[in-house]
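Before any comments, here is the structure.
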2 protein chains.
Amino acid sequence: MSIARKTPTIQDVARFARVSTATVSRALSSPERVSEGTRARISDAVEATGYTLNQAARSLRQRTSKTILVGLPDIRNSFFSTILDAIEREAALRGYGVLVCNRYSGPNPARRLGEYFLSHRADGLLLLDGSLDLEQLLELTREPSAVPLVVACEEIPDASFHTVKTDNPRAAAHATRHLIDQGHTRIGHITGPAGNVLRQERLAGFMQAMDEAGLKVLPDWIFPGNFMMESGYAAALQYLAMANRPSAVFAANDETAIGFLSGLREQGLECPRDISVVGFDDLAVALHYSPPLTTVRQPREKLGQLAAQTLINILEGGVEAKPLRIVLTSEMIIRSSTARYFPPPHS
Amino acid sequence: MSIARKTPTIQDVARFARVSTATVSRALSSPERVSEGTRARISDAVEATGYTLNQAARSLRQRTSKTILVGLPDIRNSFFSTILDAIEREAALRGYGVLVCNRYSGPNPARRLGEYFLSHRADGLLLLDGSLDLEQLLELTREPSAVPLVVACEEIPDASFHTVKTDNPRAAAHATRHLIDQGHTRIGHITGPAGNVLRQERLAGFMQAMDEAGLKVLPDWIFPGNFMMESGYAAALQYLAMANRPSAVFAANDETAIGFLSGLREQGLECPRDISVVGFDDLAVALHYSPPLTTVRQPREKLGQLAAQTLINILEGGVEAKPLRIVLTSEMIIRSSTARYFPPPHS
DNA sequence: TGGCCGCATGTAATCGATTGCATCGCAAGT
DNA sequence: ACTTGCGATGCAATCGATTACATGCGGCCA
C-alpha cells in the first residue's frame, strides 16, 4: 500500500521551510550562521520530512567520507577483535563508520588498502599490525593516495608514522624475568610469525632479560610460532623430542601458550609441575584455562580507543607536525602456569 | 618535493584517450559496448593516468554504495569474528566493502543501523543475531530505509526475512542425547542470554531430547548464562552449592562451558571424572582446552560465506520472491570432556 | 543624507561518474 | 540511389550537498 517514497533530500527540507538549500545546509552544519527564526523553521522541516544527509553527496563534494579503514591480520584472533571493538565504539562516538579489511593478502596488499583511499571510501587507515613491509607502507602515505595512517600495536623504527602500541620489549623482558626469579635457568621462547615486528620485539625483550641474567639460550629453545594455537602445539612436539629441555617457556602470545600446553598435556606433561609457561595478551580464556595462565595484560581497549582518537584527531585537525608515539604499559598477571623451579633429583 | 596531484578523474582519462567521459565510463563498466580500438586506448589511458573510480560519485549517481553493513552483538566473541572473517572475504571477492556495527545499543538500536541506509552508506544489512526485536527489524525493512536484510545465525519465526543459520534445536538435542547415551540421567543446561533466539533454540533442543528420553529436568538445573565465560563461572558456583547435582551439563556455547569448567576446577572437581560437559561452537580453543571439549561444530565459515553471498545476490539480482531459508547442519565433535557415567558407590 | 559595513540569505558552480537521448557514419536492403 | 538500421560515440542532465560569491537590508557614522 505504502508508496515507495524516495528518501527526502535537502531540497525537500528547503521547500518545506521556504528557504534555499544553502540555508538548510548552513543551519545544519554551522547553526550560528543562521538566524534563530529560520533555524527553528528548518529544524521543524527536518523533523517533518524525516531528512537524513546523503553521505555520498557530501563525500563527493567535501572529499571526505567520515569513514576509517581498519586493517587487521586476523580478525578471528580475539586480541585483535577486542581492539577493533574499542575502535568501533570510539569511531561511532565521533560519527565515523568503520570499514574492515582483514588479512589483506594477495600480490600487493598495500594496493588493496590503498584502493580504499583512491576510491575515496575512507579518510584514514588504522593498521593493526606490521605485516606490511616498510616500503609498502611508505607507498601508501605518498601521493596520490596519501593516506593518513596510524599504526597500532607495532612500531616501525625510524619511520614517520603515528604509532600507538604497548611496550613489548619491556613487557617481554618482564615476563622472562618472572621465570628467572622463580629459579628457572633454562628458558625457551615460542616466537611470533616471521617478518612481524611483534615477533622481533618480544624476542628481543626475552633475549635481553636472559642476557642480563647471564643465562644462555640454546638455539633449540627458540621455537618458531605464528601466534596461533597450532603453532604452539607444534612447538610442543618439538619440545618433547628434545634431550635438554628448558624448564620454562615464554610464549609470544596466549594462543601459542595454550596450544603448547595442550600438546604437552597429551604426552602427560603437566604445568606447572613439569614446566612453567608464560603467555602474552591476557585473553579472556587465560583466566579460565587450566592452569590459569600467567601472562602479560595489554591494555587492548585503551589501545584501540587511543588509536582511533589519534587518527580521527589527525583527520579533523589536519596533519600533525611530527609523528606521535604513544606507548602504553602492560601489566604482568601472575597466575598458576608458572611455579618455582625445583631441580629434579639427579641420578 | 612532489606536487600534490589530485587523484585522476574520469575526465583525465577521457582527455588522455581523446574520447568523451561517457565512453570511458562505458568502456569500464560494459566493455562490449565500445569498439576494440577505443577500448584499448582507454585502457592505456587508465594505466597512464593511474585512474581509480571515485566511489562517492558513483554512489551518488547510482544510489548504490557497494558496501554491506554487518551488525554483530559482540565482535570479541570468536564465534562471531570467525563469521565476520568469512563475510569479509566473500564481500571483498565480489567488490564490496564491509562496514561493522558492533553492539548496537542505545535507546534505539534499529535506528542506528537504519541510519546507515538513510544516509546511503550501505546497500544491505547482514545481521548476526536477533537481539533486535521483531518490531524493530520490520521497521528497518519498511520505507523509507527499506533495507535489504539477511539474518544469520538466528531465525525469526514467521517473519519474512532471508535467513542463514544452523539447525540449533537439532544440534542441541544431539548434544544432549550424547550425554544420555553415556548413561547420564541428571543433566543440566547453561542457557544463552535472555531474549536471544539462540537461547530459545538450544534450550528447546535440550528439553526435547530430555523429554524424549523420559528424563526429568529440575528447574535448578537450568543455569542462566549469557555466552560469556564469566557466566559459566557463575553457573559453577551455583552448581557447587547444590545438593542434587546433575552429572552432566550441556552449555549453550564453548565459552560458557570453559568458564563453568574453570569454576569447578577451582573447587577440585574434575572433568570428565566428576562431571561431563558439552559445549557448542567448536572454537579453536575447544580442541586445546583441558580437557579437550566435546562440542558441536557449526560451519561458521560456510555460514558467513553463504550469508554474504545471499545478501549480495539479492542486492544485485533484485528482490527474491519469497524469503530464503538456508539451514546448515552442525556436526557433533566428541572429545574428552564427556565420559560414561558411573554411579557413585552409594553409602 | 549618503556611504559603508555586516548579517542573513539566495544563486549557481562544483564535486565525478552515469545514462537518456542525439548524432554520425557505414552497411545492408529495396 | 535512397532509406533504414545499427553500432559507436558525444552531449548534457542528473544524483544531493556544499560553498564562493552576490544581493538586499538595516543600522551606524560622518
Side-chain angles (χ1 to χ4, degrees), chain A residues 5-43 45-46 49-67 95 115-121 123 144-145, chain B residues 5-43 45-46 49-67 95 115 117-121 123 144:
Chain A
R5 266 176 310 157
K6 292 191 163 334
T7 70
T9 73
I10 200 172
Q11 325 280 343
D12 301 320
V13 178
R15 205 171 308 126
F16 193 99
R18 321 187 139 276
V19 291
S20 72
T21 61
T23 305
V24 176
S25 176
R26 281 189 286 253
L28 296 176
S29 55
S30 37
E32 75 285 357
R33 300 193 50 202
V34 172
S35 76
E36 195 172 341
T38 39
R39 203 189 309 155
R41 282 220 314 291
I42 289 172
S43 110
V46 167
T49 53
Y51 168 75
T52 23
L53 181 80
N54 183 325
Q55 183 61 47
R58 170 184 276 182
S59 295
L60 176 58
R61 179 65 221 240
Q62 301 204 125
R63 333 184 126 272
T64 276
S65 59
K66 281 277 192 177
T67 301
E115 254 154 27
Y116 277 93
F117 295 89
L118 291 170
S119 65
H120 296 91
R121 293 166 75 113
D123 298 336
S145 48
Chain B
R5 266 176 309 156
K6 293 191 158 341
T7 70
T9 74
I10 200 173
Q11 325 281 343
D12 300 320
V13 177
R15 204 171 310 126
F16 194 99
R18 322 188 137 274
V19 291
S20 72
T21 61
T23 306
V24 175
S25 176
R26 282 188 286 252
L28 295 176
S29 55
S30 37
E32 75 284 359
R33 300 193 49 204
V34 171
S35 75
E36 195 171 342
T38 41
R39 202 189 310 153
R41 281 217 316 291
I42 289 172
S43 111
V46 167
T49 54
Y51 169 73
T52 23
L53 182 82
N54 183 325
Q55 183 61 46
R58 170 184 277 181
S59 296
L60 176 57
R61 180 64 222 243
Q62 302 202 128
R63 333 183 124 272
T64 276
S65 59
K66 281 276 193 176
T67 301
E115 255 155 26
F117 296 89
L118 292 171
S119 65
H120 295 91
R121 292 166 76 111
D123 298 334

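The sequence lines fix the lettering, A, B, ..., with proteins before strands; numbering per chain opens at 1. All heavy atoms count here, side chains included; hydrogens, waters and symmetry mates do not.
- Per the geometry, CD1 belonging to B/I42 stands 12 Å off P belonging to D/dA8, to the nearest Å.
- Of the candidates C/dT9, C/dG16, C/dT18, the closest approach to any side-chain atom of A/T23 belongs to C/dT9.
- The CG-P distance, from A/L118 to C/dA17, rounds to 12 Å in whole Å.
- Taking only side-chain atoms of B/L60, from C-beta outward, the nucleotide of D/dC15, D/dA17, D/dT18 with the closest atom is D/dC15.
- Ranking C/dA17, D/dT18, D/dT9 by closeness to the B/I10 side chain, first place goes to C/dA17.
- The side chain of B/A57 approaches C/dG16 more closely than any other nucleotide in the set C/dT9, D/dT19, C/dG16.
- Nucleotide C/dA12 holds its P atom 14 Å from the CD atom of A/Q11, rounded to whole Å.
- A donor-acceptor contact under 3.5 Å links the side chain of B/R61 to the base of D/dT14.
- The residue A/S29 sits apart from the nucleic acid: no heavy atom pair falls under 4.0 Å.
- Distance from the side chain of B/Q62 is smallest to C/dT19 among C/dG10, C/dT19, D/dG10.
- For the residue pair B/R121 and A/T67, a side-chain donor N or O sits within less than 3.5 Å of a side-chain acceptor on the partner.
- Side-chain atoms of B/R26 come within donor-acceptor range of the base of D/dG10, with a qualifying N/O pair under 3.5 Å.
- Closest to the side chain of B/R63, out of D/dG16, D/dG10, C/dT18, is D/dG16.
- For B/V34, whose side chain is taken as the heavy atoms from C-beta onward, the closest listed nucleotide among C/dG10, C/dT18, D/dT9 is D/dT9.
- The side chain of A/T9 approaches D/dA17 more closely than any other nucleotide in the set D/dT9, C/dG16, D/dA17.
- Residues A/R18 and A/T38 bring no donor and acceptor atom of their side chains to less than 3.5 Å of each other.
- Heavy-atom minimum distance, A/F117 versus A/D123: CE2-C, 3.6 Å.
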